[in-house]
Amino acid sequence: MTWAEIIVDVLKRNNIRLVPYVPDNVLTPLIKAINEDPFFTAFTCTREEEAVGIAAGAWMGGMRSLILMQTSGFATLPNALASLSVPFQIPIVMLVSERGTLGEFNIGQALVAKTMRPVLDALAIEHHTLARLDEVDFITDRTIKQAVATQQPGCLILSPQLTGGKVL
Amino acid sequence: MTAFSNRPQTRDSVKIMSRLDLTKRLVAKLHKHEAVIGGIGNTNFDLWASGRRAENFYMLGSMGLAVPIALGLAIAQPERGVIALEGDGSILMQLGSLATVASRAPKNLLIVVMDNGTYQITGGQPTATGLGADIVAIAKGAGLSQAAWAADEGHFEEMADQALAEPGPWLIAVRLDAEKPKIQTTRDPVQIRSHFMRGIGTQPAWGS
């Protein structure tokens, strides 16, 4: 199985049906698989903050979500996470395609990527990097389960080591 | 679409009304356990002052996210009516969400935009609506065809009745005076969220 197929399987096992996202090139196979599967309700948002809000509303209404974005999109989220997800104890689970490292060609992506893990650490948000195919199932499954059980956000970072990343 | 189409209005032509009065009029119509997502600040405070419904959620930050939260809830609970109350400053911060709502077209969503033309809570600085932007025109441009200004209190009630009875999404914009809220919400996020989830049936009470 590919990393995308494994993630689809883990989402189904954890009854995550809603996937609001801001697209990313590396995420394309996952987005395609989710869009083609009637188990999921998936759609684009205009901003990543919007996806956080949608996932928060859905959670309170009894529906689980995964939100997808890339590193630069994560950089728009500190306020939404610090004022909504963390203090209200709403488990927003994020999957972030990692730009800005291991062959990045855009200096803006490289710089903004440096803010991601410090922001996650500053908000005490559990985060793990998916770098190996044989770890994708375990890390994704456990990150979702911990987020739900502790009612706190969790973040999965999709490394170029796993996906090949985006290159010129 | 009678109430929304029979009295076409522009922002400049509608009556300037009271936020607390309109919020009370809206809340008085909620007989089917509709959920209300209050945006931050004064919109929220007057929702709080209109009665402590178990189906009300009050944001404490995350300015601009009342509409996305309401959309997520409307998707999760398609049988429940969901209402987002937003100020003009807040909706201006997340205009893209109007396009997302239009593209998802949830039948059970009503957005009410409380437009006083100012960032009232920070000292009355003008918002873009106070300088000429028209939220209804923006909403229509985003694809929300069932969007209109309320001409006066009676028209607002007609529009709310229609929006609560017929398939949405709907957007009602109202113009407000400068009256300030008299009380504020609690600021305990977990209590707010937990109370709301019990109110909409997704979290059991203790012992059950």
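Labels below follow one simple rule: chain letters A, B, ... track the order of the sequence lines, proteins then strands, and each chain is numbered from 1.
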Task: chain B contact via Thr44(A) - side chain, backbone, both or neither, heavy atoms under 4.5 Å - done: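 Answer is backbone: N, CA, C or O of Thr44(A) sit under 4.5 Å from chain B.
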
TODO: Give me the one residue out of Thr43(B), Thr185(B), Ile69(B) that meets side-chain contact (heavy atoms from CB on, under 4.5 Å) with Met59(B).
DONE: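 Of the listed residues Thr43(B), Thr185(B), Ile69(B), the side-chain contact (heavy atoms from CB on, under 4.5 Å) partner of Met59(B) is Ile69(B).
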
TODO: For a side-chain contact (heavy atoms from CB on, under 4.5 Å) with Trp3(A), tell me which candidate from Leu130(A), Leu158(A), Asp137(A), Val8(A) qualifies.
DONE: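 The residue from Leu130(A), Leu158(A), Asp137(A), Val8(A) that satisfies side-chain contact (heavy atoms from CB on, under 4.5 Å) with Trp3(A) turns out to be Leu158(A).
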
TODO: Select one option (side chain, backbone, both, neither) describing which atoms of Ile192(B) are under 4.5 Å from chain A's heavy atoms.
DONE: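 The side chain, not the backbone.
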
Task: Side chain / backbone / both / neither for Arg80(B) at chain A, heavy atoms under 4.5 Å - done: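 Contact with chain A is absent: no heavy atom of Arg80(B) under 4.5 Å.
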
Open item on the list: Shorter than 4.5 Å, heavy atoms on both sides: which option in Ala56(A), Ala51(A), Gly53(A) has the most such pairs with chain B?
Closed with: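 Top option by heavy-atom pairs under 4.5 Å: Gly53(A).
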
- [ ] Considering only heavy atoms and a distance below 4.5 Å, find which of Glu49(A), Gln151(A), Arg17(A), Arg47(A) pairs most often with chain B.
- [x]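 Going by pairs under 4.5 Å, I would pick Glu49(A).
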
Task: Top contributor to chain A contacts, counting heavy-atom pairs under 4.5 Å, from Leu95(B), Leu60(B), Ile37(B), Val82(B) - done: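 It is Leu60(B).
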
Open item on the list: Using a 4.5 angstrom heavy-atom cutoff, name the option from Ala35(B), Gly64(B), Gly61(B), Ser62(B) with the most pairs to chain A.
Closed with: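 If we count pairs closer than 4.5 Å to chain A, Ser62(B) comes out on top.
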
Open item on the list: Using only atom types and a distance under 3.5 Å, with no angle test, would you say the side chain of Glu126(A) pairs donor to acceptor with the backbone of Ala147(A)?
Closed with: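 Checked: no pair found.
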
- [ ] Could you check if a side-chain atom of Asp141(A) sits within less than 4.5 angstrom of a side-chain atom of Arg13(A), using non-hydrogen atoms only?
- [x]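 Yes. Closest side-chain heavy atoms under 4.5 Å.
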
Open item on the list: Under 6.0 Å from the ring centre and within 45 degrees of the ring axis: does the NZ or CZ of Arg99(A) meet both conditions for the six-membered ring of Phe105(A)?
Closed with: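 Flagged: Arg99(A) positioned over aromatic ring of Phe105(A).
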
TODO: State whether a side-chain donor-acceptor pair under 3.5 Å links Asp115(B) with Trp149(B).
DONE: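 Not at all, the side chains of Asp115(B) and Trp149(B) share no donor-acceptor pair under 3.5 Å.
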
